[in-house]
Amino acid sequence: MAADDANDLRRALESNEIIPYFQPLVELRTGLLRGFEALARWQHPQRGVIPPNEFIPLAESSGLHGLLTGKLLTAVFAAAKDIPAHLTLSVNISLTQLTDLTLPRHIRSAAEHAKFPLQRLILEITESALVGNTEHAARIATELKEQGSRLALDDFGTGYSSLRHLQLLPFDELKIDASFVRAMTHTRESRKIAAAIVGLGNSLMLTTVAEGVEDQTIADMLLWLGCDIGQGWLYGRPVPPEQLPETLAERLIPAPPSTPAELHSAAANSTLPLRLEALPTQRLAQLNAIYDGVPVGLCYLDRNLRYVSVNKRLAEMHNLPVASHLGRHISEVIPQKYAQCEPYLLRALDGIPHMGLEISYPDPHRPAVTRTILVSYQPARDEVDEVVGVSISVVDITRRKQAEQALVESEDHYRNAVELSPQVPWTADPNGMILDTSKRWETLTGLTKEESLGTGWVRALHPDDRQATLRAWEKALRTGESLDIQYRIRCRDCEWRWMRVRAAPRRDENGKIIRWYGALEDIGDHKKAEEALRRSEARLQAIFEAAPIGIVIADAPDCRVVMSNPRAEEILHSVVAPLTLIDDYCQESRASAPGDLRDEAQVKPLANAIMSGKSIGPREELRYNDDGTSTWISLTAAPVIDINGKVSGGVIAIQDIDQDKREMHRLEELADALKNKLATHR
Ligand code: C2E
Ligand code: CA
Ligand code: CA
């Protein structure tokens with residue numbers, strides 16, 4: 001059977017039944033074609049297409065592998081004329097071929113014959129091929145590389161001592177075995193292995209290629225892991241050479257990205273959040289730059305809450321070098337704040353993120369300053385969605401907090417100032433709807449803010465003042481003129497209190513009223529005093545009217561009559577007209593008493609009192625009336641001194657002492673008569 005098969009294979013090779021199929025390799029980041037892998041197919045006239053794993057081992061065991069490789073390479077190089085020059089071609093090298101020291105020479109001559117540059121050739125060596133004679137393998141591999149071709153380690157992860165192979169041979173690429181890649185959507189382990197291989201490839205600066213990319217989800221995961229090239233049904237199944245133009249037309253419409261701008265736009269089309277330069281080292285450098293450059297403290301803790309990484313900014317905030325964090329438990333690094341953070345950390349480990357925990361603490365350099373930070377805890381999940389750690393970001397919001405605090409303080413000052421003053425501020429919209437009142441209004445009226453807003457405040461208004469108040473308010477709203485009115489409001493203690501209300505509109509740049517600002521002033525006390533004054537005035541008026549003495553009030557310094565009471569007119573037997581000179585009434589007596597040598601001051605008692613600021617009198621005089629009669633009067637003039645000590649007027653009190661005076665005279669006369677009688681008797 002095996003001999004028949006071997007003969008059949010030989011026949012097939014002679015008659016070119018074994019041909020390469022081509023499968024595209026695509027750049028994950030841009031979706032652009034990178035090259036093709038040539039995969040052998042036996043197009044059997046009777047049995048149809050036979051897969052390589054059914055005849056490659058046969059070729060090897062029957063010594064036909066040299067012929068097979070030669071035939072395939074010839075076919076591959078022949079097909080290459082239809083493939084653009086920037087695309088690579090990968091061919092598989094089998095186990096036994098790596099013991100054949102003539103392999104590099106054969107490949108070179110075939111390439112030269114077909115004028116195919118060896119730089120475009122990638123030789124895929126499976127891990128299992130390396131198990132045997134590593135010394136020969138290393139020689140052959142080195143020679144292939146020296147010829148300009150690249151080497152890829154195929155089926156990585158399936159063989160054993162793989163890492164040793166990576167170290168031994170000068171590989172350029174690492175192909176992640178399809179078994180891990182295809183299982184990435186199902187098993188966590190596969191994702192982890194794929195991630196680890198990509199990481200390994202990146203750290204060794206190898207191009208990473210993922211085989212078996214069957215869907216976009218896997219492609220996205222791989223890209224996110226940093227894998228470079230994808231190969232699989234998602235991008236195309238292996239096709240026979242005659243179908244190459246079709247495949248190329250499908251996948252190769254855009255030219256390979258040559259300018260950074262093109263690279264950029266290709267990257268922008270992808271759905272992943274962050275795009276960085278293609279080279280893993282560049283990517284790492286860029287990530288590090290971002291990590292350390294952002295003005296945000298960042299760190300990553302593992303499930304045991306130990307620092308796995310920390311950026312410079314956070315290390316600075318902790319006042320510790322980066323290295324002092326790594327591997328240490330967070331409670332060792334921030335012992336004072338740990339208790340506050342712990343619940344959030346534990347919750348994050350349970351998969352619950354927490355955004356914006358505010359923590360305040362004294363500034364280590366300036367203890368007087370309180371620093372405030374905003375901390376967010378984000379569970380970090382692996383490919384299987386399992387929480388593997390906590391990612392922490394810390395933003396220093398001290399300055400913002402200080403500004404906020406300053407504002408609050410100034411608002412407090414304002415509020416306190418307002419609350420202390422008798423003013424009750426309020427605001428209203430352009431329609432007169434009250435938008436805001438102060439605490440004082442609530443304490444004053446007992447109405448809550450909610451009850452007072454809009455038109456609710458009217459409830460506190462005295463019914464008698466309502467109409468006038470609302471009319472004035474409407475007028476102000478209509479005209480935009482400021483408001484200054486007084487009304488009574490019902491206070492908590494059920495008393496009505498007088499309020500003075502002033503309001504002015506605030507306008508926008510177009511002159512449109514946007515707000516009314518108003519203030520109520522409790523003028524209850526003022527009103528009361530006014531009323532008391534009015535009452536005492538009335539009392540004084542009554543006394544003034546009814547007093548048994550005449551009172552004339554005059555202004556200063558003119559001494560003109562302001563008012564007089566009826567009694568004064570009675571005593572003076574004359575109308576005391578306002579604006580007349582009061583002293584003129586008094587002069588009557590002098591004019592009527594010739595020979596009486598009284599000085600000017602005495603003649604004008606009120607003028608004298610006003611001038612001197614002192615009371616004059618009482619002074620008795622006999623006043624001759626217009627009707628020919630005479631009356632004894634007593635005059636007392638006194639200045640009216642205001643609270644500033646200024647003489648603002650004068651008062652003359654006039655008493656009718658005529659009867660007393662006449663009685664006195666009568667008694668005096670009687671006494672004189674008696675004296676005379678006594679004298680004559682003696
Ligand atoms: P390989 O080098 O790992 O080739 C990839 C294999 O995975 C190919 O199978 C390919 O058809 C298949 N494949 C590609 N994309 C997908 C996908 O998305 N899903 C799945 N399920 N499979 C996919 P093929 O062509 O049957 O090759 C099998 C193996 O035979 C190859 O594995 C390679 O080791 C070997 N082989 C193929 N051609 C040659 C050759 O010319 N010379 C030598 N020495 N070995 C060859
Ligand atoms: Ca391969
Ligand atoms: Ca493979």
Side-chain angles (χ1 to χ4, degrees), residues 9 12-13 16-26 28 35-43 48-77 79 88-100 103 106-107 110 121-130 137 140 150-159 162 171 173-186 190 194 197 208-219 222 229-241 247:
L9 181 59
L13 284 166
N16 295 327
E17 278 176 28
I18 295 182
I19 54 152
Y21 270 43
F22 294 88
Q23 187 177 27
L25 283 104
V26 166
L28 284 166
F36 289 97
E37 179 178 356
L39 294 159
R41 296 288 182 270
W42 183 355
Q43 289 182 315
V49 178
I50 300 171
N53 37 2
E54 283 183 29
F55 62 89
I56 300 278
L58 177 66
E60 294 194 3
S61 61
S62 53
L64 290 168
H65 62 266
L67 182 60
L68 183 128
T69 305
K71 286 274 178 186
L72 268 175
L73 275 174
T74 307
V76 167
F77 294 150
T88 58
L89 284 173
S90 305
V91 293
N92 293 281
I93 300 297
S94 67
L95 176 76
T96 43
Q97 285 176 300
L98 267 191
T99 57
D100 179 0
L103 181 73
H106 281 304
I107 291 175
L121 187 69
I122 299 172
L123 299 160
E124 296 191 0
I125 302 164
T126 62
E127 284 209 286
S128 48
L130 295 165
I140 295 164
R150 286 156 64 85
L151 296 185
L153 181 54
D154 205 353
D155 301 336
F156 188 80
T158 55
S162 332
F171 287 107
E173 294 190 0
L174 200 56
K175 291 192 84 170
I176 309 164
D177 192 73
S179 58
F180 304 120
V181 176
R182 282 200 306 267
M184 272 177 82
T185 44
H186 323 301
S190 308
I197 298 175
T208 47
V209 183
E211 305 178 324
V213 182
E214 293 186 353
D215 56 51
Q216 191 60 48
T217 313
I218 293 179
L222 287 163
I229 309 286
Q231 177 185 3
W233 295 347
L234 176 66
Y235 306 109
R237 302 211 176 207
V239 293
T247 305

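Order of listing sets the numbers, starting from 1, for every ligand and every atom in it. Because the structure is predicted, anything quoted here is derived from the model rather than measured.
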Student: At the 4.0 Å heavy-atom cut-off, does Arg41 count as touching ligand 1?
Tutor: yes

Student: Which is it for Glu211 and ligand 1 at heavy atoms under 4.0 Å: side chain, backbone, both or neither?
Tutor: side chain

Student: Are any non-hydrogen side-chain atoms of Leu9 and Ile18 less than 4.5 angstrom apart?
Tutor: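 Of all side-chain heavy-atom pairs linking Ile18 with Leu9, at least one is under 4.5 Å.
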
Student: For ligand 1, is any non-hydrogen atom under 4.0 Å from Ile56's backbone (N, CA, C, O), its side chain (CB onward), both, or neither?
Tutor: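 Within the 4.0 Å criterion, Ile56 contacts ligand 1 through side-chain atoms alone.
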
Student: State, to 0.1 Å, how close Gln231 and Pro24 come at their nearest heavy-atom pair, and which atoms those are.
Tutor: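 Closest heavy-atom pair between Gln231 and Pro24: CG-O, 3.7 Å.
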
Student: Side chains of Thr88 and Leu25: does their closest heavy-atom pair fall under 4.5 Å?
Tutor: no

Student: Is the shortest distance from a heavy atom of Arg237 to ligand 1 less than 4.0 Å?
Tutor: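 False for this residue.
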
Student: Asp155 heavy atoms, cut-off 4.0 Å: which ligand 1 atoms fall inside?
Tutor: 3 (O)

Student: Where does Asp177 meet ligand 1, judged by heavy-atom distances below 4.0 Å: at the side chain, the backbone, both, or neither?
Tutor: neither

Student: To the nearest 0.5 Å, what is the distance between CD on Glu173 and OG1 on Thr208?
Tutor: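 If we round to the nearest 0.5 Å, Glu173:CD and Thr208:OG1 are 9.0 Å apart.
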
Student: Does ligand 1 have a heavy atom under 4.0 Å from the side chain of Gln23, from its backbone, from both, or from neither?
Tutor: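 Under 4.0 Å from ligand 1, Gln23 contributes side-chain atoms alone.
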
Student: Which bit of Leu72 is near ligand 1, meaning a heavy atom under 4.0 Å away: side chain, backbone, both or neither?
Tutor: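 Side chain only.
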
Student: Can you tell me if Ala178 has a non-hydrogen atom under 4.0 Å from ligand 1?
Tutor: no

Student: For Asp154, what is the atom name of its N, O or S atom nearest to the Ca ion (ligand 3)?
Tutor: OD1

Student: Provide the atom name of the closest N, O or S atom of Glu211 relative to the Ca ion (ligand 3).
Tutor: OE2

Student: Are any of the N/O atoms in Thr126 less than 3.5 Å from those in ligand 1?
Tutor: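 No - when backbone and side-chain N and O of Thr126 are compared with those of ligand 1, no distance drops under 3.5 Å.
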
Student: Out of Ile50, Val181, Asp215, Asn92, whose heavy atom sits nearest atom 43 (C) of ligand 1?
Tutor: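 The option holding the nearest heavy atom is Asn92.
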
Student: Run the contact test for Gly212 against ligand 1 with a 4.0 Å cut-off on heavy atoms, strictly below, and give the result.
Tutor: yes

Student: With atoms numbered from 1 as shown, which atoms in ligand 1 lie under 4.0 angstrom from a non-hydrogen atom of Asp154?
Tutor: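 Going through ligand 1 atom by atom, the ones under 4.0 Å from Asp154 are 2 (O).
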
Student: Taking the Ca ion (ligand 2) as the vertex, how big is the angle to OE1 in Glu124 and OD1 in Asn92, rounded to 10°?
Tutor: 90°

Student: Report the residue from Arg237, Gln43, Glu37 that forms a side-chain hydrogen bond (donor to acceptor under 3.5 Å, both in side chains) with Tyr21.
Tutor: Gln43

Student: Please state which part of Glu37 comes within less than 4.0 Å of ligand 1, counting heavy atoms only: side chain, backbone, both or neither.
Tutor: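 Only the side chain of Glu37 comes within reach of ligand 1.
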
Student: Show which atoms of ligand 1 fall inside a sub-4.0 Å distance from at least one heavy-atom site of Glu214.
Tutor: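 Listed by number with element: 17 (C), 18 (O), 19 (N), 20 (C), 21 (N).
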
Student: Heavy atom to atom 10 (C) of ligand 1, shortest distance: which of Leu73, Leu234, Val76, Leu39 holds it?
Tutor: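 Shortest heavy-atom distance from atom 10 (C) of ligand 1: Leu39.
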
Student: Which atoms of ligand 1 are found less than 4.0 Å from any heavy atom of Gly232?
Tutor: 15 (N), 18 (O)

Student: Closer than 3.0 Å to the Ca ion (ligand 2), do we get an N, O or S atom from Ser90, backbone or side chain?
Tutor: no

Student: Considering only heavy atoms from C-beta outward, does the side chain of Leu72 approach that of Val91 to under 4.5 Å?
Tutor: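 Result no, sub-4.5 Å side-chain heavy-atom pair not found.
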
Student: Please name the atom of Asp155, limited to N, O or S, that comes nearest to the Ca ion (ligand 3).
Tutor: OD1

Student: Using heavy atoms and a threshold below 4.0 Å, how should the contact between Ala40 and ligand 1 be classified: side chain, backbone, both, or neither?
Tutor: both

Student: Go through the steps to decide whether Leu98 and Ile125 satisfy the test side chain to side chain contact (heavy atoms under 4.5 Å, CB included), and finish with yes or no.
Tutor: CA-CA 9 Å; Leu98 267 191; Ile125 302 164; 3.3 Å; yes

Student: Are any of the N/O atoms in Asn53 less than 3.5 Å from those in ligand 1?
Tutor: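 By distance alone, the answer is no.
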
Student: Going through the distances and angles, do Val76 and Leu121 end up as a side chain to side chain contact (heavy atoms under 4.5 Å, CB included)?
Tutor: CA-CA 10 Å; Val76 167; Leu121 187 69; 5.5 Å; no

Student: Would you sort out whether Phe180 and Ile197 count as a side chain to side chain contact (heavy atoms under 4.5 Å, CB included), showing the intermediate values?
Tutor: CA-CA 10 Å; Phe180 304 120; Ile197 298 175; 4.2 Å; yes

Student: Select one of side chain, backbone, both or neither to describe which atoms of Val91 lie under 4.0 Å from any atom of ligand 1, heavy atoms only.
Tutor: neither

Student: Could you tell me which atoms of ligand 1, counted from 1 in the order shown, lie closer than 4.0 angstrom to a heavy atom of Pro238?
Tutor: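 Answer for ligand 1: 11 (O).
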
Student: Is there a side-chain contact between Val239 and Phe36 (heavy atoms, below 4.5 Å)?
Tutor: no

Student: State, with a plain yes or no, whether a side-chain heavy atom of Thr247 is found less than 4.5 Å away from one of Tyr235.
Tutor: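 A side-chain contact is absent here, since even the closest heavy-atom pair is not under 4.5 Å.
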
Student: Please lay out, stage by stage, how Leu151 and Phe171 fare under the test side chain to side chain contact (heavy atoms under 4.5 Å, CB included).
Tutor: CA-CA 5 Å; Leu151 296 185; Phe171 287 107; 3.8 Å; yes

Student: Name the one of Leu123, Leu103, Thr99, Ile93 that satisfies side chain to side chain contact (heavy atoms under 4.5 Å, CB included) with Ile140?
Tutor: Leu103

Student: Less than 4.5 Å apart, any side-chain heavy atom of Pro52 and any of Leu39?
Tutor: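 No, their side chains stay 4.5 Å or more apart.
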
Student: Which atom, among the N/O/S set of Glu37, is closest to the Ca ion (ligand 2)?
Tutor: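 Checking each N, O and S atom of Glu37, the shortest distance to the Ca ion (ligand 2) belongs to OE2.
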
Student: State, yes or no, whether a side-chain contact exists between Lys175 and Ile229 at a heavy-atom distance under 4.5 Å.
Tutor: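 Side-chain contact under 4.5 Å: no.
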
Student: I want to check something: taking the side chain as every heavy atom from C-beta on, are Asp177 and Glu211 in contact at a cut-off of under 4.5 Å?
Tutor: yes

